[in-house]
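Written below as structure tokens is the structure these notes are about.
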Amino acid sequence: MQSLGIFVINLDGSHDRLASISDKLAAFGISFERVSAVDGRPLDLSTVGDYNAERAERYMGRSLVGGEIGCYYSHLKVAKQFLQSEANYALVLEDDALPLCNPVALLEQALPELEAVDPRWRLINIGNNKLKIATPIANYNVDGHACQLVAAHYFPMTTSAIVWSREGARLFVEEHREIFAPVDNYLRYWLTRTGHGYSFWPAPVTTTDAASQIVAGAGQRRNTHKRRWYYGLAKQYRLLMDKFIASRHQQRFAKSRQSK
């Protein structure tokens, strides 16, 4: 697919991970452009101008760690790189992605149908590990992997494998003002409210067992980072609010399809 740019986010020095995903993509005849990941692990977050620690604590119930900031910057970086290219779409893979079928062949089939359903679509999550509050659109079978394209009203977490439209990437970059959540949490927050987020289920891309090198770092792992006393309450409120908004969007989406 000539209009599809393929990008792999890989931390400098992570040669084994780059070789691993190179082999996996080469098995499908897929070449890609490597994007050097932003290593946020050594960052002093007090010096990061667009990190809003107070809002992060309100929204997430905890502050973020440098690795999460670096992961967010890495996805902003690849979105900008895509927009500087001539491609119409961008398949973005983190270097621990594990394709279960040829993702390019799947997108060749699905993107024309998605364009017909929603010309304003922004982002497809093709590496999600859970799916809730979604509307089925079309079915596909590639390399023996059967999956369904869905409108993901409650946008799935994880950013191991995502597909941008130019409009989606443009809005992600242009609307960026501050960081108050990890990038996967932000994408759920954003697309659950705006709509135009999609996914495949079961996911055509999963992940290897390799731990994230972008997010984790000595003394900075999320599960050991200090949480506010209201962390559990903030999480439950966030989930309930997102599900409520997603359910409303699902109803509107169904009505809009019936009226066509």
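Residue numbers start at 1 and run along the sequence shown. As the structure is a computational prediction, the values presented were derived from the model and not from experiment. Values below: every heavy atom of this structure, side chains too, minus hydrogens, waters and symmetry copies.
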All heavy atoms of N128 vs all of A203, minimum pair found to be O-CB, 3.1 Å
| When clusters are formed by joining ILVMFWY residues with side-chain heavy atoms under 4.5 Å apart, either directly or through shared neighbours, do V92 and L98 land in the same one? | no
Value for CZ (R41) from CD1 (I69), rounded to nearest 0.5 Å, stands at 14.5 Å
Rounded to the nearest 0.5 Å, the CZ atom of F32 sits from the CG atom of L4 at a distance of 14.0 Å
On a heavy-atom basis, the closest approach of T47 and D44 is OG1-O, 2.6 Å
Criterion side chain to side chain contact (heavy atoms under 4.5 Å, CB included) on S85 and R166, from CA distance to verdict
CA-CA 10 Å; S85 75; R166 288 194 73 87; 4.2 Å; yes
Subject >> Same apolar cluster (I L V M F W Y, side chains within < 4.5 Å links), L131/F200 >> reply: no
Indicate yes or no: at least one non-hydrogen side-chain atom of T159 is less than 4.5 angstrom from one of Y186.
-> no
Query raised in the report: Does the side chain of D118 come within less than 4.5 Å of F253's, by heavy atoms?
Result: no
The reported gap from CD1 in I245 to CG in L240 (rounded to nearest 0.5 angstrom) is 11.0 Å
S63/L45 under side chain to side chain contact (heavy atoms under 4.5 Å, CB included): CA gap, chis, key distance, verdict
CA-CA 10 Å; S63 56; L45 298 193; over 6 Å; no
* Taking side chain as C-beta onward, heavy atoms only, is D242 less than 4.5 Å from R193? -> yes
Ion pair D12/R34, N-O distance below 4.0 Å: yes
Sidechain-backbone polar pair: S14 side chain, N10 backbone, donor-acceptor under 3.5 Å: no
ask   = ring-ring contact (aromatic ring centres under 6.0 Å, His included) between Y72 and H176: does it pass, once the steps are laid out?
value = CA-CA 11 Å; Y72 201 117; H176 173 69; 5.7 Å; yes
Query raised in the report: Can you check whether W121's main-chain N or O pairs, donor with acceptor, with S165's side chain at less than 3.5 Å?
Result: yes
Practice problem: Answer yes or no: does atom CD of E86 have more than 12 heavy-atom neighbours from other residues, nucleotides or ligands under 6.0 Å? | Solution: no
Fill in: Donor-acceptor contact below 3.5 Å, side chain S3 vs main chain N88
no
On a heavy-atom basis, the closest approach of T208 and A97 is CG2-O, 4.4 Å
Checklist entry - Would F172 and V183 count as a side chain to side chain contact (heavy atoms under 4.5 Å, CB included) if you check the C-alpha gap in whole Å, the side-chain angles of each, and the deciding distance to 0.1 Å? => result CA-CA 11 Å; F172 177 55; V183 66; 4.2 Å; yes
- Message: For a 4.5 angstrom cut-off between non-hydrogen side-chain atoms, does P182 reach L64?
- Response: yes
- Item | More than 12 heavy atoms from other groups under 6.0 Å of NZ on K77 | yes
Nearest heavy-atom contact between A37 and I9 is CB-CG2, 3.6 Å
Joint hydrophobic cluster, M157 plus I124, side-chain heavy atoms closer than 4.5 Å: no
With a 3.5 Å distance limit and no angle check, can you tell me whether S247 reaches the backbone of K243 through a side-chain donor-acceptor pair? yes
Rounding to 0.5 Å, atoms CD (E108) and OH (Y140) come to a distance of 12.5 Å
Nearest heavy-atom contact between R227 and Y231 is NH1-CE2, 3.4 Å
Self-check item: Steps toward side chain to side chain contact (heavy atoms under 4.5 Å, CB included) verdict (R58, E54)
Solution: CA-CA 6 Å; R58 289 196 306 271; E54 291 183 2; 4.1 Å; yes
With salt bridge (charged side-chain N to carboxylate O under 4.0 Å, His left out) as the test, would you mind laying out the steps for K24 and D95 before giving the verdict? CA-CA 10 Å; K24 293 178 177 66; D95 62 8; over 6 Å; no
Would you say the side chains of E94 and H75 form a donor-acceptor pair under 3.5 Å? yes
- Query: Counting distance only, does the side-chain N/O of H145 pair as donor-acceptor with the main-chain N or O of P202 below 3.5 Å?
  - Reply: yes
task: Look at the side-chain heavy atoms of Ile, Leu, Val, Met, Phe, Trp and Tyr, link any pair under 4.5 Å apart, and say whether V150 and Y89 land in one connected group.
output: no
- Query: Do the side chains of T194 and F155 get nearer than 4.5 Å, heavy atoms only?
  - Reply: no
Margin query: Any non-hydrogen side-chain atom of L43 less than 4.5 Å from a side-chain atom of E68?
Written below: no
Next item on the list: For the residue pair L239 and Y154, establish whether any side-chain heavy-atom pair is separated by less than 4.5 Å.
Entry: yes
Here the pair of heavy atoms bringing C101 nearest to P103 is O-CD, 2.9 Å
OG1 (T135) and CD (Q251) are apart, to the nearest 0.5 Å, by 10.0 Å
**Q.** CZ/F244: more than 12 non-hydrogen atoms of other groups inside 6.0 Å
**A.** no
Side chains of N185 and Y59: any donor to acceptor distance under 3.5 Å? no
Would the distance check show the side chain of Q148 and the main-chain N or O of I137 forming a donor-acceptor pair, the cut-off being under 3.5 Å? no
Measuring only between side-chain heavy atoms, which start at C-beta, is Q81 closer than 4.5 Å to E33? yes
Check your understanding: Just wondering, are more than 12 heavy atoms of other shown residues or ligands nearer than 6.0 Å to CZ in F28?
Key -> yes
Distance col, row M60:CE vs F180:CZ, nearest 0.5 angstrom, shows 9.5 Å
hydrophobic_cluster_shared for V142 and L93, side chain cutoff 4.5 Å: yes
